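What you are looking at is a predicted structure, and each value in this text was computed from that prediction instead of being measured.
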Amino acid sequence: MSSSVQSTGGVAGYRPERTLRLSVELRRQFKRRRTVGVFALMVALPLVLIAALQLGASEDAQSNSRLNLVDVATASGLNFTLFVLFATTSFFLVVVYALFFGDTVASEAQWGSLRYALATPVPRMRLLRQKWAAALVLSVAALVTVTVVALVAGGIAFGFADITTPIGISIGQGDGLLRLAGMVGYLAVHLLVVGTLAFWLSTVTDAPLAAVGGAVFTMFVFAILDQVEQLGSIRDFFPTAEEFAWTDLLQTPVDSADLYRGVIQSLVYAAVFTALSFRHFSRRDVTS
């Protein structure tokens with residue numbers, strides 16, 4: 001009997017690091033209807049925008065000599081992809097990150113399955129770490145999906161040509177693809193702010209809607225305050241301050257000052273919210 005028990009008190013053969021592997025958590029999350037729905041929207045959104053751009057091209061717009069956003073969007077597949085990213089940065093992608101991060105813990109707490117996962121037994125911090133990693137993978141995968149679909153569908157609809165910037169500068173396809181990869185990478189990091197905020201709220205509440213909605217609402221409030229010029233330099237420290245810094249990659253030469261600032265600031269916010277998540281979850285009573 002005693003030979004089946006380790007010196008730590010655990011059952012012989014029990015390895016905490018082998019419990020709840022990331023692949024298992026990802027499979028569980030991919031089977032959920034909300035995951036399927038989000039990825040379906042990521043595929044459908046660029047197609048809807050292509051239809052809207054083509055149906056909405058009026059004679060007035062075509063005769064307008066000024067270079068507007070629609071003109072740039074239809075210049076090439078790369079331009080259309082940039083338009084999709086610009087259109088989704090402030091709201092759609094914010095909601096997606098908040099959904100994947102904010103729903104992961106709170107939903108299981110609401111269902112009552114969280115206590116059973118910990119009783120498996122899965123170490124508490126490992127469970128939270130795996131859920132954080134799974135949420136990150138799903139969020140980045142959704143961002144990459146909408147980008148790839150926009151690039152392919154946009155290329156088919158508008159041609160695979162160079163990027164034409166709003167000020168008329170042309171960027172070659174090879175260089176444009178590299179810059180597009182940098183833009184997606186920047187957004188993946190910047191959106192961690194709302195994701196980790198939602199994740200923290202997910203460890204505080206058992207209501208997934210409260211975690212997701214609270215994170216999205218907070219970002220919207222900061223976005224509104226960011227428009228108040230009277231706040232001065234205080235706005236530079238808002239989590240939404242550099243949300244469109246990725247557009248600096250369209251400049252020639254590239255001005256990377258705001259990009260670096262945005263990445264560092266986003267990582268700091270993400271680290272703080274993640275630390276708060278682990279601190280609160282380590283003390284939370286999930287058995288009742």
Side-chain angles (χ1 to χ4, degrees), residues 14-46 88 92-150 152 181 184-209 211-212 215-216 266-267 270-271 273-278 280-282 284 286:
Y14 169 68
R15 297 291 185 271
E17 66 277 4
R18 294 183 180 179
T19 57
L20 192 61
R21 295 185 178 182
L22 182 58
S23 58
V24 174
E25 179 63 20
L26 284 173
R27 281 198 298 271
R28 292 178 64 246
Q29 295 299 328
F30 268 114
K31 291 178 181 179
R32 296 185 58 184
R33 282 180 293 181
R34 68 105 157 96
T35 304
V36 175
V38 167
F39 278 90
L41 284 174
M42 288 296 164
V43 173
L45 181 62
T88 56
F92 198 73
L93 292 176
V94 168
V95 173
V96 168
Y97 263 68
L99 178 62
F100 281 133
F101 275 90
D103 183 66
T104 182
V105 177
S107 60
E108 293 209 24
Q110 185 181 58
W111 299 334
S113 59
L114 189 61
R115 67 173 71 96
Y116 297 111
L118 293 175
T120 304
V122 180
R124 183 175 292 219
M125 293 299 97
R126 177 175 176 80
L127 180 142
L128 197 63
R129 185 172 70 248
Q130 298 297 72
K131 288 190 173 296
W132 192 99
L136 176 63
V137 170
L138 291 174
S139 299
V140 174
L143 173 59
V144 172
T145 297
V146 73
T147 303
V148 172
V149 173
V152 174
V184 173
Y186 178 85
L187 282 173
V189 173
H190 171 73
L191 290 167
L192 274 177
V193 178
V194 65
T196 52
L197 172 59
F199 192 74
W200 173 36
L201 295 177
S202 186
T203 65
V204 174
T205 178
D206 291 348
L209 183 60
V212 176
V216 173
S266 298
L267 289 176
F273 290 140
T274 300
L276 289 172
S277 303
F278 278 84
H280 186 273
F281 195 70
S282 65
R284 179 178 175 180
V286 297

Leu209 CG: over 12 foreign heavy atoms closer than 6.0 Å: no
Validation row: Gln130, Val24 side chains within 4.5 angstrom (heavy atoms): no
For the student: nearest non-hydrogen atoms of Leu99 and Val38, plus distance: CD2-CG2, 3.5 Å
Shortest non-hydrogen contact between Phe39 and Thr145, atoms and distance: CE2-OG1, 3.6 Å
Minimum heavy-atom distance between Ser277 and Thr196, given as atom pair plus value: OG-O, 4.2 Å
Under 3.5 Å donor-acceptor, Thr205 side chain and Leu201 backbone: no
Stepwise side-chain contact (heavy atoms from CB on, under 4.5 Å) check, Thr274 with Phe199: CA-CA 7 Å; Thr274 300; Phe199 192 74; 5.7 Å; no
Minimum heavy-atom distance between Leu143 and Val184, given as atom pair plus value: CD2-O, 3.5 Å
Derivation and outcome, side-chain contact (heavy atoms from CB on, under 4.5 Å), residues Lys131 and Leu127: CA-CA 6 Å; Lys131 288 190 173 296; Leu127 180 142; 3.8 Å; yes
Rounded distance [0.5 Å steps], CG in Leu93 versus CE in Met42: 5.5 Å
Mutual orientation of the aromatic rings belonging to Trp132 and Phe101 [parallel < 30°, tilted 30-60°, perpendicular > 60°]: perpendicular
Under 3.5 Å: donor-acceptor pair, side chain of Ser202, backbone of Ala198: no
side-chain contact (heavy atoms from CB on, under 4.5 Å) between Thr35 and Phe100, intermediate numbers included: CA-CA 8 Å; Thr35 304; Phe100 281 133; 3.9 Å; yes
Donor-acceptor pair, side chain of Thr203 and main chain of Phe281, under 3.5 angstrom: no
Taking every non-hydrogen atom, the tightest pair across Gln29 and Leu138: CB-CD1, 3.6 Å
Evaluation steps, side-chain contact (heavy atoms from CB on, under 4.5 Å), between Leu41 and Phe92: CA-CA 10 Å; Leu41 284 174; Phe92 198 73; 4.0 Å; yes
Tyr97 side chain vs Ala188 backbone, donor-acceptor pair below 3.5 Å: yes
